[in-house]
Amino acid sequence: MSAYTSDFLRELDARGFIKQVTHTDELDAYCASGTPSAYIGFDATADSLHVGSLMGIMMLRRLQQAGGKPIVLMGGGTTKIGDPTDKEKSRPLLTESQIASNIEGIRKAFEPFLTFGSGETDALMVNNADWLNELGYIDVLREVGRHFTINTMVKQDTVARRLAAEQPYTFLEFNYLLLQSYDFLELFRRHGCALQMGGSDQWGNILGGADLIHKADGGDAFGLTCPLITTASGGKMGKTADGAVWLNADRRSPYEYWQFWRNTEDADVGRFLRLFTELPLDEIARLERLEGAEINDAKIALADAATALLHGEEAAAESRTAAAAVFESGASADALPTAEVPASELESGYLVAAAFTAAGLTKSNGDARRMIKQGAAKVNDTAVADQNATLSTDDLVDGAIKLSAGKKRHALIKPV
């Protein structure tokens, strides 16, 4: 462990956030004096962020707790291009209205983690469309383009990989490095922000921005990256069988979010406790030492703490109680994710396969039928054998029908 003097870097280091830094001593001095400011950029490709973005969000939260000023940069401008980093093919382009709608949705994910306002250490949320939309093409070439060489740009992993595979790498995407670097320069000029943070896949882009600040303004700027998180079994963080683990409650209920953390692999529990909760390190060390069935206590502590950070203590407690009811007694619980269907559908016979799809437990009726065929689908804790089985009002228990996909995923269907 490095001997950092700043509270911010010391905490990040102790919890496993740091992968790469530029100018370690100078950055440490910057973070230890005055009010250091740092930013992370988030492109608006969906109307919510998912668990994969939590590393960045937690780093900004730690900065604010250490007396720094976090800046959330929404990529209203760069989303029009699409970040090509670690992408094997170009992303579809979004319209202005789609991007604006996505930004409104994403804003909600930050509110539980950061304090926004006009104070010295209050967080800012800014949109790079504010300056990128005003740039003329000639301006970009003169002010930014002259500081970048093609020699360096083609050596970036993403570019080299696409070229080697003879996959197209558009000129539009080729400009992403320049525009992200220009973002750093603008935030340096407008807000005195001297640190950009991000995942280690952004290292080249971060270096480009720091170098641009030095060349264009003679300023000192720094970069810090965190490791890209994968699970112990090699899976991508935040990806499950039924899709991404979104942060917004309208995309993933607090109960589903709690269950995601509760189902963490044994080997990941200690690491995830350090990264995604604020439990003291000595308590995490104790939980990490638990073995056998007792490791479940550590997983519940992880689920409780992570869910409380995003959705609040009450939602975390309700989710834990619901999980206990479902898994220990087989009962239903109000905190389960719920889908509403017209009462007329139940009265006329509602396909079980359609119910599983409506509840988000399967992606299609075909997927649901395959699950039924495999014996993994249950209605009110009873296995379904007929792929064309239907539900009726006779299946209602306390006003709802409980659906189970395997042993760990459950939902309710309620008539309206």
Side-chain angles (χ1 to χ4, degrees), residues 37-50 52-53 56-57 60 69-87 90-111 113-114 116-118 122-145 147-148 153 158 170-199 201-202 204-206 208-210 212-213 216-217 221 223 246-248:
S37 180
Y39 89 94
I40 298 177
F42 300 85
D43 275 351
T45 52
D47 63 359
S48 172
L49 297 176
H50 53 71
S53 297
I57 295 173
L60 291 173
K69 188 176 189 69
I71 298 177
V72 177
L73 178 66
M74 296 309 307
T78 42
T79 301
K80 295 175 186 176
I81 296 176
D83 185 356
T85 305
D86 283 346
K87 304 296 183 296
S90 304
R91 279 179 168 167
L93 299 182
L94 301 179
T95 65
E96 294 266 9
S97 60
Q98 287 173 319
I99 292 170
S101 176
N102 286 347
I103 289 175
E104 284 304 307
I106 289 171
R107 188 186 304 272
K108 300 173 187 175
F110 288 96
E111 291 171 355
F113 294 95
L114 299 175
F116 290 90
S118 56
D122 286 342
L124 290 178
M125 180 173 283
V126 297
N127 187 338
N128 64 11
D130 292 345
W131 52 82
L132 294 182
N133 284 356
E134 303 302 316
L135 276 178
Y137 186 60
I138 299 299
D139 297 327
V140 176
L141 294 179
R142 284 176 59 86
E143 183 170 6
V144 182
H147 295 299
F148 291 83
M153 295 173 73
T158 306
T170 67
F171 184 69
L172 182 69
E173 294 172 295
F174 201 56
N175 281 271
Y176 194 91
L177 168 61
L178 273 65
L179 296 185
Q180 184 170 322
S181 298
Y182 186 71
D183 285 343
F184 199 176
L185 178 62
E186 278 291 322
L187 292 173
F188 180 81
R189 290 173 173 174
R190 293 174 180 230
H191 302 290
C193 180
L195 172 60
Q196 183 184 356
M197 303 188 295
D201 59 336
Q202 294 295 318
N205 293 332
I206 292 172
L212 177 62
I213 289 170
D217 284 15
W246 301 101
L247 300 184
N248 289 16

Smallest separation among heavy atoms of Gly76 and Ala129, with atom names: C-CB, 3.8 Å

Separation between CD of Gln196 and CD1 of Ile206, rounded to the nearest 0.5 Å: 4.5 Å

So, the side chain of Ser48 versus the backbone of Asn248: is there a donor-acceptor pair under 3.5 Å, distance only? yes

Measure the shortest side-chain to side-chain distance between Leu124 and Phe116 over non-hydrogen atoms and say whether it is less than 4.5 angstrom. no

If you take all heavy atoms of Gly209 and Ser181, which pair is closest and at what distance? N-OG, 3.2 Å

Is the side chain of Ser53 donor-acceptor paired with the backbone N or O of Leu49 at a distance under 3.5 Å, no angle test? no

Close side-chain approach of Val144 to Phe148, heavy-atom, < 4.5 Å: yes

Note, Cys193 side chain near Tyr39 side chain (heavy atom, < 4.5 Å): yes

We want to know whether Gln202 and Gln180 form a side-chain donor-acceptor pair, criterion being a heavy-atom distance below 3.5 angstrom. yes

Are Lys69 and Asp122 within salt-bridge range, i.e. N to O under 4.0 Å? no

Contacts of Glu111 meeting salt bridge (charged side-chain N to carboxylate O under 4.0 Å, His left out) (sequence neighbours excluded), chain-then-number -> none

Do Val72 and Phe42 have side chains that approach each other closer than 4.5 Å (heavy atoms only, starting at C-beta)? yes

Side-chain contact, heavy-atom cut-off 4.5 Å: Asp43 with Tyr176? yes

Just by distance, with hydrogens left out, do Gln98 and Ser101 show a side-chain donor and acceptor under 3.5 Å apart? no

Under 3.5 Å side-chain donor-acceptor pair for Trp246 and Asp47: no

Applying side-chain contact (heavy atoms from CB on, under 4.5 Å) to Leu132 and Asp183, what does each step give before you reach the verdict? CA-CA 8 Å; Leu132 294 182; Asp183 285 343; 3.9 Å; yes

Min side-chain heavy-atom separation Ile106-Glu104 under 4.5 Å: no

Do you know the tightest heavy-atom contact between Ala44 and Ile99? CB-O, 4.0 Å

Return the CG to CG distance between Leu177 and Leu212, rounded to the nearest 0.5 Å. 9.5 Å

Side chain to side chain donor-acceptor pair (under 3.5 Å) with Asp139: which residues, sequence neighbours excluded? none

So do the side chains of Met74 and Asn128 get within less than 4.5 Å of each other, counting heavy atoms only? no

Which heavy atom of Ile213 sits nearest to which heavy atom of Leu185, and what is that distance? CG1-CA, 3.8 Å

Which atom pair, heavy atoms only, marks the closest approach of Gly192 to Ser37? O-CB, 4.3 Å

Is any side-chain heavy atom of Leu94 closer than 4.5 Å to a side-chain heavy atom of Lys80? no

Interatomic distance, Leu73 atom CG to Ile40 atom CD1 [nearest 0.5 angstrom]: 10.5 Å

Show your working on side-chain contact (heavy atoms from CB on, under 4.5 Å) between Leu114 and Leu60 and close with a plain yes or no. CA-CA 8 Å; Leu114 299 175; Leu60 291 173; 4.1 Å; yes

